[in-house]
Protein chains: 2
Amino acid sequence: MVQYNQTRFDASFAALSDATRRGVLVQLGLADASITDLAQKFHMTLTGMKKHVSVLEQAGLVTTEKVGRVRTCKLGQRRLEEEAAWIENYRQLWSARFDALDSVIEELTQKEKADGRRKRK
Amino acid sequence: MVQYNQTRFDASFAALSDATRRGVLVQLGLADASITDLAQKFHMTLTGMKKHVSVLEQAGLVTTEKVGRVRTCKLGQRRLEEEAAWIENYRQLWSARFDALDSVIEELTQKEKADGRRKRK
DNA sequence: TAAATACTGAACCATATGGTTCAGTATAAT
DNA sequence: ATTATACTGAACCATATGGTTCAGTATTTA
């Protein structure tokens, strides 16, 4: 198991598991914002918001730059491509299994039809 | 911190934030498995694996059924459609911002060209 | 009937998480 | 030169998480 990738996924899914952080991502999609802006918007202390931003930054989902007193936050380089791909892969596995079930049912149905025909003869 | 308002998203992204649980999902994509099967595969106690399965079940990603002594786990009904959609929406927001940046650059480029033409006159 | 198997729940442990307050530092505004 | 603003870091708190062991219960199997 490649630890690097594992921890990256861990970090990004963990970052997304909090409603406030998802909200921050959406917000930053609309406009860049300072820590103060975000803290006010989400009714939280500066320190609290700083922590959330750090988590998002750690996961590569947000980047920040401090100019003077103000730290401005914006959407980061990472666009969750790999996470989307993982989910897509999971959904394909699921579909594969579902299709397998379908074909079993199909088979049973065919068998029943055949039995029906045999009976009728 | 009582999490009385824990959303579906919180639960499913949190479920995905652990490498073992992602592994279990992949495994169950290949074949149904008992708690014992999974515990062995992931080198963990039965009790530990039971907890992971419970988390996945809580998030609707896995369903289980106990027949006799054996609890069989399989992929659940939920296929992370909404989670995939959320990520897709985030990526569109990101793209929108990126495109905005592009058009600023485009504008600057045009301006430079114009300046160039002016200079050359 | 006795022994092995498969799970389950309670209790415990260490660390992580999401929040706070408080006491700073650096920068901007007056 | 003061004062207000914006952030930062340390310390603290309550609960969550990821794991364990131990002591069961229920179900097969011999």
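Below, all heavy atoms of this structure are taken into account, side chains as well, without hydrogens, waters or symmetry copies. Note that this is a predicted model, so its numbers are computed, not measured. Chain letters run A, B, ... following the sequence lines, proteins first and then strands; every chain starts at 1.
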Using a cut-off of less than 4.0 Å, is there contact between a side-chain N or O of Lys51(B) and OP1 or OP2 of dG18(D)? no

Within this structure, what is the CE-to-P distance between Met49(A) and dA6(D), rounded to whole angstrom? 15 Å

Does Gly68(A) reach a base, just sugar-phosphate, or nothing at all? Heavy atoms under 4.0 Å. sugar-phosphate

Could you tell me how far apart Lys50(A) (NZ) and dT25(C) (P) are, to the nearest whole angstrom? 17 Å

In whole angstrom, what separates Gln40(B)'s CD from dT5(C)'s P? 11 Å

Kindly indicate, with the supporting measurements, whether the criterion side chain to side chain donor-acceptor pair (under 3.5 Å) is fulfilled by Thr7(A) and Asp10(A). CA-CA 5 Å; Thr7(A) 54; Asp10(A) 289 356; over 6 Å; no

Does dG19(D) have OP1 or OP2 under 4.0 Å away from a side-chain N or O of His52(B)? yes

Distance-only donor-acceptor test, Thr47(B) side-chain atoms vs dG9(C) base atoms, 3.5 Å: yes

When you measure from the side-chain N and O atoms of Lys66(B) to the phosphate of dA6(C), is any distance below 4.0 Å, counting only OP1 and OP2? no

From CG of Leu46(A) over to P of dA4(D), roughly how many Å is that when rounded to an integer? 17 Å

Just to confirm, is there a sub-4.0 Å distance from OP1 or OP2 of dA29(C) to any side-chain nitrogen or oxygen of Arg69(A)? no

Can you check the His43(B) NE2 to dG19(D) C1' distance for me, whole Å? 16 Å

For Asp10(A) and dG18(D), give me the distance from atom CG to atom C1', rounded to whole Å. 12 Å

What I'd like to find out is whether the side chain of Val67(B) reaches to under 4.5 Å of the side chain of Thr72(B), using heavy atoms alone. no

Heavy-atom neighbours of Glu88(A) CD exceed 12 at 6.0 Å: yes

Look at the rings of Phe13(B) and Phe9(B) and say which category their plane angle falls in: under 30° parallel, 30 to 60° tilted, over 60° perpendicular. perpendicular

Can you tell me which nucleotide in dT5(D), dG18(C), dT8(C) comes closest to the side chain of Ile35(B)? dT8(C)

Nucleotide dG19(D), atom P - distance to CZ of Phe42(B) in whole Å: 11 Å

Whole angstroms only, please: what is the CD-C1' distance between Gln58(B) and dT17(D)? 14 Å

Does dT8(D) have OP1 or OP2 under 4.0 Å away from a side-chain N or O of Arg71(A)? yes

Hey, are Arg8(A) and Glu82(A) close enough for a salt bridge, meaning a charged N less than 4.0 Å from a carboxylate O? yes

